[in-house]
Amino acid sequence: MRQTRRAGPTSSAPAPAKGRNSVSQAESWPHQEAQRILDRTKNLDQEIILQTGFGPSGFPHIGTFGEITRTTFVRLALTDLGAKNTRLIVFSDDMDGLRKVPLTFPAAMNEHLGKPLNEIPDPFGCCESYSGHMNGKLLEMLGRLGFDHEFRSSAQQYQSGVFNNGLKQILDRVDKVCEIILPTMSDQKRQGWSPFLPICESCRRLSTTRVTAYHPERCSVSYTCDGSVGAVNGCGHTGEGSILDGHAKVGWKTDWALRWYVYGVTYEMYGKDLIESANLSGKIVRALGGTPPVGYFFELFLDETGAKISKSVGKGVTVDSWLRYAPVESLALFMYRNPRRAKKLFLGAIPQYVDELLEEIEAHYGAAVPPGQRSTFGYLRPDAPASDPFVRGLRYGTLAELAGTVGTTDIEILSQYVKRGIGWPGGDDGAMKALISQAALYHREVLLPTKVAYTPAGEAERTAIGTLIDYLAQPNDPEEIQTRIFALAKESGMEAKDLFKSLYLVITGQERGPRLGGFITVLGRDKVREILTGALQAAGSR
RNA sequence: GGGCCGUUAGCUCAGCUGGUAGAGCAAGUGACUCUUAAUCACUGGGUCGGAGGUUCGAUCCCUCCACGGCUCACCA
């Protein structure tokens with residue numbers, strides 16, 4: 001009789017909110033962005049290059065995920081609009097000099113300050129270099145999430161000579177580049193500034209070298225290694241080095257411009273903190289004779305308190321922690337929602353986004369998507385099968401509460417409850433079970449710790465619990481236990497429902513739960529006695 | 001200070017090309033009393049930051065103001 005529930009008027013499935021989840025997404029921001037790009041290229045056959053950047057001086061963070069996800073949305077929209085040749089480049093700045101050792105990393109790394117990241121040993125000892133380790137982490141994430149992309153390592157690109165021509169251009173026009181950058185710098189820093197950062201042939205650092213002369217005819221620069229980074233000083237070496245083949249790189253904004261120029265990047269997103277940098281890089285590309293990409297800036301993520309999430313410190317939510325409690329599509333949905341609005345990214349937001357994801361799935365499979373258009377879920381799961389293998393008609397919060405009520409994270413047990421309770425909502429068992437177990441973990445690790453432990457304060461209540469503890473010392477039939485609890489309530493002058501409520505609160509932290517007799521048996525008498533005793537002690541010691 | 005972005009119910013967020021606002025959670029009330037498996041029903045709450053303007057009509061367009069954020073202070 002419950003089977004029809006999903007489709008019936010009393011269905012617990014959330015009714016699709018009007019306007020919120022739509023099948024036709026003609027005005028979705030990725031679509032608009034794609035249109036902006038095509039307005040520029042005007043040609044569906046032209047190669048369109050979308051780029052995102054990664055700084056491997058630390059682990060890939062949620063911002064990296066967001067950038068790649070959002071860029072992928074735009075790429076999908078481009079395809080929908082008929083673009084035939086799109087590529088996504090994920091560029092890793094692994095030739096940057098190490099400026100600061102991350103907090104939790106070995107202090108021994110300090111000796112490598114100023115060296116290119118790809119020349120610093122892996123502190124974890126498993127990869128060929130520090131940045132190699134971080135690149136590996138990034139690729140692992142991208143692989144797991146199924147992002148189609150082309151990975152580029154800055155160091156490899158420089159060394160391979162791909163950038164040589166661009167570097168020559170910069171050297172030839174170094175005055176113009178300086179004209180662009182210098183006015184934005186303080187007077188003190190202007191003198192001696194150069195877009196080039198040669199690697200010192202003696203100590204292998206590039207953050208400590210200072211260019212003293214340009215030699216465009218030889219494609220080289222003269223430099224002195226007398227700068228400092230952190231507590232490390234340059235080695236004092238003076239020499240001349242090629243700017244080609246990875247012997248030097250160019251600094252930040254010039255570097256960005258170089259990539260745009262050499263690859264012919266069509267589109268790139270960045271956080272709004274980089275707007276100014278992007279403007280300057282754009283000017284540099286123009287000075288080189290290139291065209292800056294179509295750009296799009298997005299708002300920064302905030303933590304629960306509204307403060308900006310720091311990239312360097314591990315504050316805030318990581319991709320891994322979100323994925324521990326929710327499917328990746330829910331995080332993708334977070335990224336899909338208005339990127340121009342600062343949003344709070346914290347674990348407490350998970351139920352909302354999972355529920356909205358379920359609604360989007362409902363909408364996606366509930367109505368035919370017109371050709372050439374894409375549902376929201378179609379962005380989140382471009383490879384979504386035609387028939388619906390996904391979970392729907394449920395609420396994440398319900399599942400989490402169920403886990404709390406039943407007091408277990410065991411998938412098989414919880415699955416039985418779900419099947420009997422509301423009927424299996426259809427779809428794939430694996431997806432369903434994954435969601436159940438995620439919700440259960442969420443309850444145990446996120447929800448539960450915020451709840452204040454209930455302490456039985458009433459005299460009658462405590463007497464009853466005390467008696468129950470003794471009673472449970474001996475094995476008894478579940479029905480007998482059940483009956484005994486009612487008797488206990490009567491003996492101590494309590495309403496039965498109050499005693500039940502109290503026991504549920506103590507055992508599961510919630511006001512309701514399964515039939516206690518059987519429940520106690522399932523949990524184990526000893527375990528329950530332990531919990532009850534603990535509660536009495538907590539109450540007594542107040 | 002200049003530039004840019006934002007400001008929708010207590011909280012987190014939706015609101016397509018302008019037609020007197022929605023969801024979830026939270027809150028409140030009621031129902032189920034040897035039964036109570038994640039419950040059901042109902043309700044409240046917003047002059048859509050403020051003030052003008054355009055319009056028959058604006059949360060959605062324009063201007064100004066307030067508040068918050070980012071950026072101009074070179075770190076790739």
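We use all heavy atoms of the structure for the numbers below, so side chains are in, but hydrogens, waters and symmetry mates are not. Here is the naming used below: chain letters follow the sequence lines, and residue numbers restart at 1 for every chain.
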(request) Consider only side-chain N and O atoms of A/Thr52 and A/Glu67, and report whether a donor and an acceptor are under 3.5 Å apart. (result)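 Checked: A/Thr52/A/Glu67 side chains show no N/O donor-acceptor pair below 3.5 Å.
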
(message) If we count only N and O atoms by modelled type, under 3.5 Å, do the side chains of A/Gln157 and A/Tyr263 hold a donor and an acceptor together?
(response)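 Yes, A/Tyr263 and A/Gln157 have a side-chain donor paired with an acceptor closer than 3.5 Å.
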
(request) For RNA chain B, produce a single dot-bracket line, 5' to 3'. Pairs: Watson-Crick or G-U wobble, both distances under 3.5 Å. Symbols: ( ) within strand, [ ] crossing, | other strand, . unpaired. (result) (((((((..((((........)))).(((((.......))))).....(((((.......))))))))))))....

(request) Please figure out whether A/Glu299 or A/Ala342 has its closest RNA chain B nucleotide nearer the 5' end. (result)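 Result: A/Glu299.
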
Report the nucleotide, chosen from [options], that has the shortest atom-to-atom distance to any side-chain atom of [X].
X: A/Ala349; options: B/A38, B/U12, B/G24; result: B/U12
X: A/Asp273; options: B/A14, B/C70, B/C5; result: B/C70
X: A/Thr184; options: B/A38, B/U71, B/A73; result: B/A73

I'd like to check the side-chain hydrogen bond (donor to acceptor under 3.5 Å, both in side chains) partners of [X]; sequence neighbours left out, ordered by chain and number.
X: A/Tyr442; value: none
X: A/Asn233; value: none
X: A/His133; value: A/Asp122
X: A/Arg484; value: A/Glu491

(message) Which heavy atom of A/Gln438 sits nearest to which heavy atom of A/Tyr325, and what is that distance?
(response)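 Residues A/Gln438 and A/Tyr325, closest heavy atoms: CB-O, 3.2 Å.
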
Listed pairs, N/O of protein and of nucleotides 26-30 of chain B, under 3.5 Å:
none

(request) Determine, using ring centers only, whether A/Tyr270 and A/Trp256 are less than 6.0 Å apart. (result)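 Ring-ring flag for A/Trp256/A/Tyr270: true, centres closer than 6.0 Å.
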
